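Structure record follows, encoded as structure tokens.
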Amino acid sequence: MEIKLERYDGKVVVEPVANRIDVTNAQEFKDFLVSLIEQGERDMILDLHQVEFMDSTALGVVISVFKRLKEAGGKDLKLCEVSGLVKELFEITRLHAVMKIFPSREEALAGE
């Protein structure tokens with residue numbers, strides 16, 4: 001899985017370049033995110049605008065990374081540009097009430 005990474009004033013934006021995150025690539029995605037936390041990243045935004053589908057494995061990755069980031073003393077894991085079925089998944093599981101979800105990358109970068 002290709003993953004783009006951009007840094008903005010102490011924040012890191014992670015953008016998976018994939019239309020699906022599922023059992024076939026979720027572990028690779030998790031390993032990438034955990035390595036960022038281990039390298040000291042504490043303010044992370046997931047830009048999911050290219051992701052059209054996530055399965056329960058991918059959802060577990062997001063939850064795991066959210067917890068790991070908090071345990072490391074980081075800020076909330078922010079999500080942006082979540083739409084379609086992925087947005088429904090976060091609403092059905094009520095994770096949208098736990099994680100901050102922003103309509104755009106710009107709003108996520110500015111939001112607290």
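Nothing here was measured: the structure is a model prediction, and the numbers come from that model.
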For [X] against [Y], the heavy-atom pair lying closest together:
X	Y	answer
Lys78	Asp43	NZ-OD1, 3.7 Å
Leu69	Glu41	CD1-O, 3.7 Å
Pro16	Leu48	CG-CD2, 3.9 Å
Cys80	Ala108	CB-CB, 3.9 Å

Say whether [X] and [Y] are linked into one hydrophobic cluster, either directly or through other cluster members, by side-chain heavy-atom distances under 4.5 angstrom.
X	Y	value
Val65	Val12	yes
Val98	Leu89	yes
Leu5	Ile3	yes
Val61	Leu36	yes
Leu79	Met54	yes

Rounded at 0.5 Å granularity, tell me how far OG1 in Thr57 sits from CZ in Phe29.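 Going from OG1 on Thr57 over to CZ on Phe29, the span is 13.5 Å.
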
How many angstroms lie between atom CG of Leu77 and atom CG of Leu95, to the nearest 0.5 angstrom?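 Rounded to the nearest 0.5 Å, the CG-CG separation comes to 10.5 Å.
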
Pair Ile63-Leu59, side chain to side chain contact (heavy atoms under 4.5 Å, CB included): steps then yes or no: CA-CA 6 Å; Ile63 294 166; Leu59 192 61; 4.3 Å; yes

Suppose we screen for side chain to side chain donor-acceptor pair (under 3.5 Å). Which residues come up paired with Asp47, at least two apart in sequence or across chains?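 Partners of Asp47 under the side chain to side chain donor-acceptor pair (under 3.5 Å) test: His49, Arg105.
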
What residues, two or more places apart in sequence or in another chain, satisfy side chain to side chain donor-acceptor pair (under 3.5 Å) together with Glu81?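 Glu81 satisfies side chain to side chain donor-acceptor pair (under 3.5 Å) with no other residue.
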
Side chains of Thr24 and Met1, heavy atoms from C-beta outward: is any pair under 4.5 Å? no

Pairwise salt bridge (Lys or Arg N to Asp or Glu O under 4.0 Å) hits with a residue in residues 22-36, at least two apart: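 Every salt bridge (Lys or Arg N to Asp or Glu O under 4.0 Å) pair that includes a residue of residues 22-36, provided the two are not neighbours, is Arg20-Asp22.
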
Provide the full list of salt bridge (Lys or Arg N to Asp or Glu O under 4.0 Å) pairs with a residue in residues 55-72, sequence neighbours left out, each pair given once. Glu38-Arg68, Lys70-Asp76

Set of residues satisfying side-chain contact (heavy atoms from CB on, under 4.5 Å) with respect to Gln50, sequence neighbours excluded: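 By the side-chain contact (heavy atoms from CB on, under 4.5 Å) rule, Gln50 matches Glu15, Val17.
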
Under the side chain to side chain contact (heavy atoms under 4.5 Å, CB included) criterion, do Leu46 and Leu33 qualify, and how do the steps go? CA-CA 10 Å; Leu46 297 183; Leu33 296 172; 3.8 Å; yes

Give every residue pair that meets the side chain to side chain donor-acceptor pair (under 3.5 Å) criterion with at least one member in residues 82-94, sequence neighbours excluded. none

Tell me, with the steps shown, if Lys75 and Lys11 meet side chain to side chain contact (heavy atoms under 4.5 Å, CB included). CA-CA 10 Å; Lys75 298 186 177 197; Lys11 298 176 175 125; 5.7 Å; no

Taking it one step at a time, do Phe90 and Val62 satisfy side chain to side chain contact (heavy atoms under 4.5 Å, CB included)? CA-CA 10 Å; Phe90 280 94; Val62 174; 4.2 Å; yes

